[in-house]
Amino acid sequence: MHAMITGVAGFIGANLSLRLLERGDTVTGVDNLNDYYDVSLKEARLARLIPREQFDFIKADISDKGEMQRIFSDRQFDAVVNLAAQAGVRHSIENPAAYIDANLVGFGHILEGCRHSGVGHLVYASSSSVYGSNTNLPFSEKDNVDHPISLYAASKKANELMAHAYAHLYGIPTTGLRFFTVYGPWGRPDMALFKFTRGILGNEPIPVFNRGQMVRDFTYVDDIVEGVVRVIDQPAEKSEGTNEPDRSASAPWRIFNIGNSRRVPLMDYIQALEKALGKQAKLDLLPMQDGDVPATEADITSLQSDLGYRPKVAVEEGIQRFVDWYLSYYLT
Ligand SMILES: NC(=O)c1ccc[n+]([C@@H]2O[C@H](COP(=O)([O-])OP(=O)(O)OC[C@H]3O[C@@H](n4cnc5c(N)ncnc54)[C@H](O)[C@@H]3O)[C@@H](O)[C@H]2O)c1
C-alpha cells in the first residue's frame, strides 16, 4: 500500500509512519516543519524515517494549493492520512490565523487532491475537543458536538463536515478520528507531560490548571497507532438505514473516538510522573484556561466492535516509557 501521511514529522505522524514502513508499506511524508515547537525534535523524528527505502519526504505546506496539486498529480495514493494541523487549544486563542490556514484551507486542498486522484481512503485527525463543554462522560460519537469552545475545536468539527460533503459528492471514503490526549515517547513539547517533566527535572514549579481539578483520557501513542492502522485498512462505507451523528446513509463517511477509555485525574497523572522520575513536583496551581475543558473520556465501543480495537498500555507504564525516552533523548 502507498500512503501519504501529512504531519509526518509530528508526534503521531512519525510514530504511525514507522509502523507502516515496518509492515512493508510505502510512505510519502509531507510536513512544513513549522516552528510551533522545537524544529530539531521534528528533524530527529524524521531522521528515523529517512533511511528507509520505502519512505519519501516532501517539505511542503498543505495550505499551498499549487504544491498540493503537484504532490497529488505526481503520485497515486491508496490512502491519505491527514495529521498536519495547527494543534493545541490554548494557542488558538493567541494565533487564530494559523488554524484557519492549516486546518481549514489546508484540509480543503487535501480533499481536492483526494477527489481528483481517486484516493482509496482518507483518514484524518479530528479531536476530543469537539465535545466542547459537554458534561456527560464518556463522550460518545452519538453526542451533539455543535458547541465548540475554541477555534481549534471548531476547525476539527468543520473538517468532519467538509469530509462528509466530499464523501457524499465524490464517493471518497473518509474516516475522522477523534484523538483523546495522546502521550508517549517522541511526544509534543507543548503538552502537559513534556512540560511537567522538564519542570520537575529543572526544579521549577509546574503549571497545573483548574488547580488540578481536571480529568483526562490519556492515550498511549502505540495504542493510537494501532487504532489508526486498523482504520486505514478498512475504508469507510455507507451505513445501512438512516443517518447517525457518526455514520451516513448517503456517504462513505464515519467518525470514531480513539482513546484509552479511562478517566484519570490530573493529580494521579502527576503522581505517576513523580514516581517514574523519582522526584517530587512543585505545583503552580492556576485557574482554568480559556477554551480548555475540565474532563474527557472516550466511549470507544464503536471502534472496539467494528475494528477490534483494544488499548493496551496503562498510564503508569506509558509514563515510565515516556520518561525513559525523555532521559535518553535529552540527558545522554
Ligand atoms: N497529540 C494529541 O493529543 C492530539 C489530540 C487530538 C488531536 N490531535 C491531532 O492529531 C494530529 C497530529 O497531532 P500531533 O500531536 O502529532 O501534532 P504535531 O504538532 O506533533 O504534528 C503535526 C505536524 O504537522 C505539521 N504541520 C502543521 N501545519 C502544517 C501545514 N500547514 N502543512 C504541512 N505540515 C504542517 C507540523 O510541522 C507537525 O510536524 C493533529 O491534527 C492534531 O490536531 C492530536
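In listed order, ligands and their atoms are each counted from 1. Bear in mind that the values here come from a model prediction, so they are computed numbers and not experimental data.
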S.K.: Are any of the side-chain heavy atoms of Asp306 and Gln234 separated by less than 4.5 Å?
M.R.: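 No, side chains not in contact.
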
S.K.: As an exercise, identify every atom of ligand 1 less than 4.0 angstrom from a heavy atom of Asn34.
M.R.: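 Those atoms are 26 (N), 27 (C), 28 (N), 36 (C), 37 (O).
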
S.K.: Taking the minimum heavy-atom distance to atom 5 (C) of ligand 1, which of Tyr36, Phe107, Phe179 ranks first?
M.R.: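 Among Tyr36, Phe107, Phe179, the closest heavy atom to atom 5 (C) of ligand 1 belongs to Phe179.
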
S.K.: Run the numbers for me: atoms of ligand 1, each under 4.0 Å from some heavy atom of Ala125, listed by number.
M.R.: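 With Ala125 as reference, the close atoms of ligand 1 come out as 9 (C), 10 (O), 11 (C), 41 (O).
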
S.K.: In ligand 1, which numbered atoms sit nearer than 4.0 Å to a non-hydrogen atom of Val182?
M.R.: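 By the 4.0 Å cutoff, the relevant atoms are 1 (N), 2 (C), 3 (O).
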
S.K.: Atom CG of Leu41 and atom CZ of Phe194: how far apart are they, to the nearest 0.5 Å?
M.R.: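 One gets 5.5 Å once the value is rounded to the nearest 0.5 Å.
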
S.K.: Which ligand 1 atoms does Lys42 reach within 4.0 Å, using its non-hydrogen atoms?
M.R.: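 Counting from 1, the qualifying ligand atoms are 36 (C), 37 (O), 38 (C), 39 (O).
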
S.K.: Check this for me - ligand 1, Ser128, N or O atoms closer than 3.5 angstrom, yes or no?
M.R.: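 No; every N/O pair is 3.5 Å or more apart.
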
S.K.: So His91 and Tyr36, would you call those rings parallel, tilted or perpendicular, with 30° and 60° as cut-offs?
M.R.: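 Geometry flag for Tyr36 against His91: tilted rings.
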
S.K.: Just distances here: any N/O of Ala102 and N/O of ligand 1 closer than 3.5 Å?
M.R.: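 Ala102 vs ligand 1: no N/O contact under 3.5 Å.
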
S.K.: Can you confirm, on distance only, whether ligand 1 has an N/O atom lying under 3.5 Å from any N/O atom belonging to Arg188?
M.R.: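 Between Arg188 and ligand 1, an N or O pair is found under 3.5 Å apart.
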
S.K.: Can you classify the ring geometry of Tyr183 versus Tyr269 as parallel (below 30°), tilted (30 to 60°) or perpendicular (above 60°)?
M.R.: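 Aromatic pair Tyr183/Tyr269 classed perpendicular.
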
S.K.: Look at the aromatic rings of Phe57 and Phe55 and report parallel, tilted or perpendicular, splitting at 30° and 60°.
M.R.: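 Judged by the thresholds at 30° and 60°, the geometry between Phe57 and Phe55 is parallel.
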
S.K.: Please could you name the atoms of ligand 1 that Leu33 approaches to less than 4.0 Å, counting only its heavy atoms?
M.R.: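 Heavy-atom distances to Leu33 below 4.0 Å select 37 (O).
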
S.K.: Do Arg310 and Glu226 come close enough that some side-chain heavy atom pair is under 4.5 Å?
M.R.: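 No, their side chains stay 4.5 Å or more apart.
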
S.K.: If you measure from atom 29 (C) of ligand 1 to every heavy atom of Asp61, Ile224, Asn32, which option wins on shortest distance?
M.R.: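 Minimum heavy-atom distance to atom 29 (C) of ligand 1 goes to Asn32.
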
S.K.: Please report whether the ring centroid of Trp253 lies less than 6.0 Å from that of Tyr166.
M.R.: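 No, ring centres 6.0 Å or more apart.
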
S.K.: Consider every N or O of Ser127 and every N or O of ligand 1, then say whether any pair is closer than 3.5 Å.
M.R.: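 Min N/O separation from ligand 1 is not below 3.5 Å for Ser127.
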
S.K.: Report yes if Ala87 has an N/O atom closer than 3.5 Å to an N/O atom of ligand 1; otherwise report no.
M.R.: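 Such a contact does not occur with ligand 1.
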
S.K.: Could you tell me whether some N/O pair between Asp31 and ligand 1 is separated by less than 3.5 angstrom?
M.R.: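 Such a contact does occur with ligand 1.
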
S.K.: For ligand 1, which is the ligand I care about here, please tell me if Leu83 has any N or O atom under 3.5 Å from one of the ligand's N or O atoms.
M.R.: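 Yes; the residue has a nitrogen or oxygen that sits under 3.5 Å from a nitrogen or oxygen of the ligand.
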
S.K.: Within the structure, does Lys156 bring an N/O atom to less than 3.5 angstrom of an N/O atom in ligand 1?
M.R.: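 Looking only at distances, the answer is yes, because the N/O contact criterion of under 3.5 Å is met.
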
S.K.: Compute the minimum heavy-atom distance from Gly106 to ligand 1 and say whether it is under 4.0 Å.
M.R.: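 Outside the 4.0 Å threshold, so no.
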
S.K.: Under 4.0 Å, heavy atoms only, figure out whether ligand 1 is touched by the backbone of Ser129, its side chain, both or neither.
M.R.: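 Neither; no heavy atom under 4.0 Å.
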
S.K.: Enumerate the atoms of ligand 1 whose separation from the nearest heavy atom of Tyr37 is less than 4.0 angstrom.
M.R.: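 Near Tyr37, meaning under 4.0 Å from one of its heavy atoms, ligand 1 has 18 (P), 19 (O), 20 (O).
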
S.K.: Does an N or O anywhere in Ala84 fall below 3.5 Å from an N or O of ligand 1?
M.R.: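 There is no such contact.
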
S.K.: Under the criterion side chain to side chain contact (heavy atoms under 4.5 Å, CB included), which of Thr6, Asp31, Ile71, Val105 is the partner of Ile62?
M.R.: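 Exactly one option meets the side chain to side chain contact (heavy atoms under 4.5 Å, CB included) with Ile62, and it is Thr6.
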
S.K.: If we only count heavy atoms from C-beta on, is the Val293 to Tyr131 side-chain gap below 4.5 Å?
M.R.: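 In short, these two side chains do not touch, never coming nearer than 4.5 Å.
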
S.K.: State if Tyr152 counts as touching ligand 1 under the rule of any non-hydrogen atom under 4.0 Å.
M.R.: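 For ligand 1, residue contact (heavy atoms, under 4.0 Å) with Tyr152 is present.
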
S.K.: On the six-membered ring of Tyr37, is Lys42 placed so that its NZ or CZ lies under 6.0 angstrom from the centre and within 45° of the ring axis?
M.R.: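 Ring-cation test returns yes.
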
S.K.: Are side-chain heavy atoms of Leu18 and Leu49 found at a separation under 4.5 Å?
M.R.: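 Yes, at least one pair of side-chain atoms sits under 4.5 Å.
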
S.K.: So for ligand 1, is Phe11 a polar contact partner (N or O within less than 3.5 Å, distance only)?
M.R.: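 Checking ligand 1 against Phe11, an N or O pair does fall under 3.5 Å apart.
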
S.K.: Is there side-chain contact between Asp246 and Lys142, with heavy atoms separated by less than 4.5 Å?
M.R.: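 Yes; the side chains approach each other to less than 4.5 Å.
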
S.K.: Can you name the atoms of ligand 1, numbered from 1 with element, that are less than 4.0 Å from a heavy atom of Met191?
M.R.: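 Answer, ordered by atom number: 1 (N), 3 (O).
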
S.K.: Could you tell me if the ring centre of Tyr220 sits under 6.0 Å from that of Phe322?
M.R.: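 Tyr220 vs Phe322: aromatic centres not under 6.0 Å.
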
S.K.: Is Val30 in contact with ligand 1, taking contact as a heavy-atom separation below 4.0 Å?
M.R.: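 Under 4.0 Å: no for Val30.
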
